[in-house]
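Read the numbers this way: they start at 1 and go in the same order the structure lists the ligands and their atoms.
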Amino acid sequence: MNFDKNLLQSIIKEFTIDTEELKEIAANFRQDLKLGLKDPKDSSLRMLKSYVGLPTGKEIGEYLALDFGGTNVRVSRINLQGAGKFEIIKRVAKPLILPGSYDYVGVGSKFEDMFNFLAELIGEAIEGENERQFYLGHTFSFPSSQTDIYDAKLITWTKEFATSGVEGEVVNDLLKDALIRRGIKNVEPVSVINDTVAVLLSAAYHRSDTFIGSIYATGQNNCYIESSIDDPKNVGIGGMILNLESGGFMKLTPNRFDKEFDEKSEKPGEQRLEKMVSGRYMGELFGMALSELLNEKGKHYGFSSIDISGILMDNSVAGNRIAAIVKDKIEKEIDSEDAKAIKELATAIVERSARIVTATYVGIIWQRAGSGEISHQHIAVDGSVYEKMPLVKENIDRALSELLEEEAAKVDTVLDTGGSGLGAAISAAMVANKE
Ligand code: GLC
């Protein structure tokens with residue numbers, strides 16, 4: 001078939017961010033942090049207070065952790081042993097959508113069914129232990145406005161979730177009602193935290209030099225510990241981590257694919273950064289660009305970020321794996337030259353994603369350092385895109401060097417697998433210790 005080379009190059013250019021633009025994004029992100037600290041209304045970052053700071057490492061005991069916010073829901077029983085050590089006693093996980101069977105997140109889905117499903121999973125995790133009292137920490141990975149560590153109201157769904165009856169509600173109240181409906185009386189939800197906050201808590205449980213937590217998965221978002229919020233009346237347990245909802249950052253230049261996708265999305269105009277970088281969206285952008293190369297503009301092939309990952313993993317000259325992945329979706333045979341072009345396109349989309357995400361990390365690092373020196377630190381990251389997508393880590397490192405130059409040696413990103421669950425348990429322990 002062979003794609004039009006000029007068209008391919010022009011599309012790739014639209015997905016390319018040079019060093020200058022990268023610096024501009026990081027500086028604008030820092031500026032929005034500054035504005036947001038004064039008044040979130042003046043910033044595209046929500047700067048949501050989590051009412052929790054960093055753990056001491058002395059949190060111990062057995063807790064339930066509910067991790068809700070991506071494609072799968074997980075409930076774990078975790079025994080915290082202190083100083084970063086823990087044991088997962090039991091873990092149950094189920095997808096929120098099982099095609100042909102159920103869908104708790106799509107248009108038409110309702111909150112009762114969604115929360116009944118969560119209660120059912122919690123029931124499985126406690127395995128009929130109906131006497132013993134469990135504290136439950138809830139990682140709820142959506143923008144929520146909080147007045148304390150328990151009271152979190154969903155502001156708006158993101159990541160194309162559309163379940164009715166949850167926006168504006170206190171999510172742990174909905175969970176409590178569902179537990180009662182299921183006859184589970186011995187599980188008490190005591191905390192709600194964002195998944196970025198969970199990752200930071202989990203990392204800080206065993207390392208003291210981590211101040212930024214990040215999720216790079218279905219969604220993309222960052223949080224950090226803000227030391228200037230120290231008003232005793234207003235501070236959380238151990239300080240105040242701010243959930244930035246950085247997926248909503250607006251000071252970026254979307255290309256025409258980004259714009260077109262946004263218009264068709266569940267919430268047009270929102271989560272503009274997330275729609276350019278996260279796992280939920282990269283496959284969609286890739287499909288849109290490919291449809292143009294195939295002269296089928298407007299056709300929806302249903303590529304996912306797992307397909308992109310598969311394409312990038314094919315290092316062969318023939319590109320057979322790429323051809324197989326693509327054939328399955330576009331129903332056409334492609335040759336090795338096309339496969340090479342397809343890989344170039346996928347590379348451009350993934351590189352752009354990693355570069356934008358890195359610019360947000362550096363914006364936070366600059367803001368935390370103020371006019372002083374950048375401290376040695378790790379950025380804790382969890383999520384499938386960070387963990388599994390080829391090219392992501394090396395592009396983060398490269399972008400860190402472009403932005404921080406020699407100071408880049410002080411900063412690295414570290415994978416905190418399972419941090420979303422562990423952090424929920426730690427937050428519940430922090431509540432228990434405070435009581
Ligand atoms: C979306 C959510 C945010 C979450 C992120 C990662 O951006 O709005 O709260 O942290 O996804 O799951």
Side-chain angles (χ1 to χ4, degrees), residues 29 32 36 40 43-52 65-74 95-96 105 137-146 152-163 166-168 171 191-203 212-224 241-250 252 262 265-282 284 305 353 356-357 360-361 364 379-389 392 415-424 427:
F29 196 87
D32 250 17
S43 167
S44 65
L45 299 170
R46 289 185 192 267
M47 317 287 290
L48 301 170
K49 292 182 180 168
S50 66
Y51 292 89
V52 70
L66 165 62
D67 182 7
F68 174 87
T71 21
N72 283 301
V73 183
R74 302 184 192 92
L96 281 162
V105 299
H138 183 178
T139 296
F140 182 73
S141 315
F142 298 94
S144 308
S145 82
Q146 300 199 215
K153 268 195 197 121
L154 173 63
I155 301 171
T156 176
W157 283 126
T158 51
K159 296 178 277 198
E160 311 302 299
F161 276 48
T163 317
V166 192
E167 286 173 327
V171 288
S191 59
V192 181
I193 53 173
N194 186 255
D195 50 357
T196 55
V197 177
V199 168
L200 180 52
L201 294 185
S202 146
I212 300 173
S214 176
I215 296 286
Y216 196 175
T218 309
Q220 202 288 311
N221 185 18
N222 310 325
C223 74
Y224 76 101
I241 298 171
L242 293 178
N243 162 19
L244 301 181
E245 286 297 322
S246 41
F249 182 62
M250 289 291 281
L252 291 163
D262 175 58
S265 67
E266 263 312 311
K267 305 252 159 135
E270 291 179 22
Q271 300 300 99
R272 298 307 295 269
L273 179 143
E274 188 159 70
K275 286 173 188 162
M276 292 166 79
V277 307
S278 83
R280 173 64 184 76
Y281 302 104
M282 278 193 279
E284 307 263 8
S305 56
S353 163
I356 294 176
V357 170
T360 68
Y361 295 160
I364 305 173
I379 301 167
V381 192
D382 192 12
S384 48
V385 176
Y386 179 72
E387 188 177 354
K388 301 197 182 120
M389 182 68 85
V392 163
L415 176 67
D416 198 274
T417 331
S420 306
L422 178 60
S427 72

Query raised in the report: Parallel, tilted or perpendicular: which fits the ring planes of Trp157 and Phe140, with parallel below 30° and perpendicular above 60°?
Result: tilted
Distance-only side-chain donor-acceptor flag, Ser353 / Tyr281, under 3.5 Å
no
Lys267 NZ: over 12 foreign heavy atoms closer than 6.0 Å:
yes
Atoms of ligand 1 under 4.0 Å from any heavy atom of Asn194, numbered from 1 in the order shown, are 3 (C), 4 (C), 9 (O), 10 (O)
Heavy-atom closest pair (Gly269 atom, Met250 atom, distance to 0.1 Å) is O-SD, 4.0 Å
- May I ask whether Gly219 places a heavy atom under 4.0 Å from ligand 1? yes
Note: ligand 1 atoms sitting under 4.0 Å from heavy atoms of Gln220 are 7 (O)
For the residue pair Asn222 / Ser214, report whether a side-chain donor-acceptor contact shorter than 3.5 Å exists. yes
heavy-atom search around atom 9 (O) of ligand 1 in the protein gives Glu245 OE2, 2.5 Å
Residue, atom and distance of the protein heavy atom nearest atom 7 (O) of ligand 1 read Glu274 OE2, 2.4 Å
Item to complete: Please confirm whether Ala217 comes under 4.0 Å of ligand 1, counting heavy atoms of the residue only.
Response: no
Regarding Ser420 and Asp195, do their side chains bring together a donor and an acceptor under 3.5 Å, going by distance alone? no
heavy-atom search around atom 5 (C) of ligand 1 in the protein gives Asn221 CB, 3.7 Å
A student checking ligand 1 against Gln271 at a 4.0 Å heavy-atom cut-off should list atoms 7 (O), 8 (O)
- Query: Does an N or O anywhere in Asn243 fall below 3.5 Å from an N or O of ligand 1?
  - Reply: no
Ranking Ile215, Thr158, Thr196, Asp195 by closest non-hydrogen atom to atom 4 (C) of ligand 1, top hit is Asp195
Ala65 and Gly421 have their tightest heavy-atom pair at CB-O, 3.2 Å
